[in-house]
Enquirer: 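To start, I am sharing the structure in question, which I have written as structure tokens.
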Amino acid sequence: MDKDKNFFQKVYEVVKKIPAGKVATYQQVATIVSTPRAAQAVGWALRALSENQLAVVPWQRVINSKGMISIENLKAPKEYQAKLLKDEGVEVRLVENNYFIDLKKYLWDPHTN
DNA sequence: CTTATGACTTTCA
DNA sequence: CTGAAAGCCATAA
């Protein structure tokens with residue numbers, strides 16, 4: 001088990017480390033678990049989240065490099081994710097029916113974990 | 001083992 | 001600057 005935890009598990013643990021009121025990009029999580037190019041794979045991991053995992057993994061704090069929520073295609077509405085972030089104190093602004101977050105202010109710094 | 005898909009990112013036109 | 005295409009990583013079939 002200590003050999004190579006599943007990529008998913010690693011992603012989940014990293015995401016769980018994200019403090020409330022902060023957000024992380026796929027690229028950042030991907031860099032921690034594997035390589036910066038694995039951002040797509042991170043998205044894949046979060047897509048495969050089970051309802052049980054949704055309760056323990058703050059997937060709402062993970063967004064793309066532009067600080068925008070691209071979750072429109074999933075069953076979870078963007079408004080729901082935005083609501084969760086707002087509840088954590090993250091300022092989310094709605095532009096062109098897309099939710100944007102100020103990465104300069106709310107981007108998580110894994111070094112200061 | 002090869003092909004296809006994706007909650008992404010970067011580059012080319 | 002805006003829009004489209006390719007690329008990289010991991011998983012599923």
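Letters go in sequence order (proteins before strands), and every chain restarts at 1.
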Enquirer: Check the distance between B/dA7's P and A/L54's CG and give it to me in whole angstrom.
Expert: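 Rounded to the whole Å, the gap is 14 Å.
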Enquirer: Going from CG on A/L84 to CZ on A/R61, what distance comes out if it is rounded to the nearest 0.5 angstrom?
Expert: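 Going from CG on A/L84 over to CZ on A/R61, the span is 9.0 Å.
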Enquirer: Indicate, with yes or no, if A/L107 and A/V11 share a hydrophobic cluster defined by side-chain heavy-atom contacts under 4.5 Å among Ile, Leu, Val, Met, Phe, Trp and Tyr.
Expert: yes
Enquirer: Find every protein N or O atom lying less than 3.5 Å from an N or O atom of nucleotides 10-12 of chain C, and list the pairs.
Expert:
from: C/dA10; atom 1: OP1; to: A/S34; atom 2: OG; distance (Å): 3.3
from: C/dT11; atom 1: O4'; to: A/W44; atom 2: NE1; distance (Å): 3.4

Enquirer: Does any pair with a residue in residues 95-113 of chain A pass salt bridge (charged side-chain N to carboxylate O under 4.0 Å, His left out), and if so which ones, sequence neighbours excluded?
Expert: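 Only A/E91-A/K105 qualify under salt bridge (charged side-chain N to carboxylate O under 4.0 Å, His left out).
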Enquirer: Considering all heavy atoms of both residues, which atom of A/G89 and which atom of A/Y106 are nearest to each other, and what is their separation?
Expert: O-CE2, 3.7 Å
Enquirer: Which whole-number value in Å describes the distance from A/I71 CD1 to B/dC8 P?
Expert: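 Roughly 10 Å, once rounded to whole Å.
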Enquirer: Any pair with a residue in residues 16-38 of chain A that passes salt bridge (charged side-chain N to carboxylate O under 4.0 Å, His left out), sequence neighbours left out, goes on the list, sorted by first then second residue, please.
Expert: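 The answer is none; no pair qualifies.
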Enquirer: Not counting sequence neighbours, which residues clear side chain to side chain contact (heavy atoms under 4.5 Å, CB included) with A/Q53? List them please.
Expert: A/Y12, A/L49, A/S50, A/V56, A/V57
Enquirer: I need the CG-P distance between A/L49 and B/dG6, as an integer number of Å.
Expert: 17 Å
Enquirer: Give, ordered by number, those residues of residues 88-99 of chain A having at least one heavy-atom distance below 4.0 Å to an atom of DNA chain B; if nothing qualifies, reply none.
Expert: none
Enquirer: Within this structure, what is the CG-to-C1' distance between A/N64 and B/dA7, rounded to whole angstrom?
Expert: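 These atoms are roughly 9 Å apart.
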Enquirer: To the closest 0.5 Å, what do you measure between CD (A/Q28) and CD1 (A/I63)?
Expert: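 With rounding to 0.5 Å, CD (A/Q28) is 10.5 Å from CD1 (A/I63).
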Enquirer: Take the protein atom CG of A/L103 and the nucleotide atom P of B/dT9, then report the distance between them rounded to whole Å.
Expert: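 Checked: the CG to P distance equals 10 Å.
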Enquirer: I'd like a table of atom pairs between the protein and nucleotides 10-13 of chain B - only N or O on both sides, under 3.5 Å - with the distance next to each one.
Expert:
from: B/dT10; atom 1: OP1; to: A/Q27; atom 2: NE2; distance (Å): 3.3

Enquirer: For the atom pair CD (A/Q60) and CG (A/L54), what is the distance rounded to the nearest 0.5 Å?
Expert: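 Reported value, rounded in 0.5 Å steps: 9.0 Å.
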Enquirer: Give a yes/no answer on whether the side chain of A/T25 brings an N or O atom under 4.0 Å of OP1 or OP2 in B/dC8.
Expert: no
Enquirer: Checking A/Y26 against A/S65 for the side-chain contact (heavy atoms from CB on, under 4.5 Å) test, could you report, in this order, the C-alpha distance in whole Å, the side-chain angles of both residues, the deciding distance, and whether it holds?
Expert: CA-CA 7 Å; A/Y26 291 99; A/S65 63; over 6 Å; no
Enquirer: Does any part of the side chain of A/V62, heavy atoms only, come nearer than 4.5 Å to the side chain of A/V23, both counted from C-beta?
Expert: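 No, side chains not in contact.
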Enquirer: Would you check if A/I32 and A/V29 make a side-chain contact, meaning some heavy-atom pair closer than 4.5 Å?
Expert: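 A/I32 vs A/V29: side chains apart.
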Enquirer: Over how many whole Å does the gap from A/L46 atom CG to B/dC8 atom P extend?
Expert: 10 Å
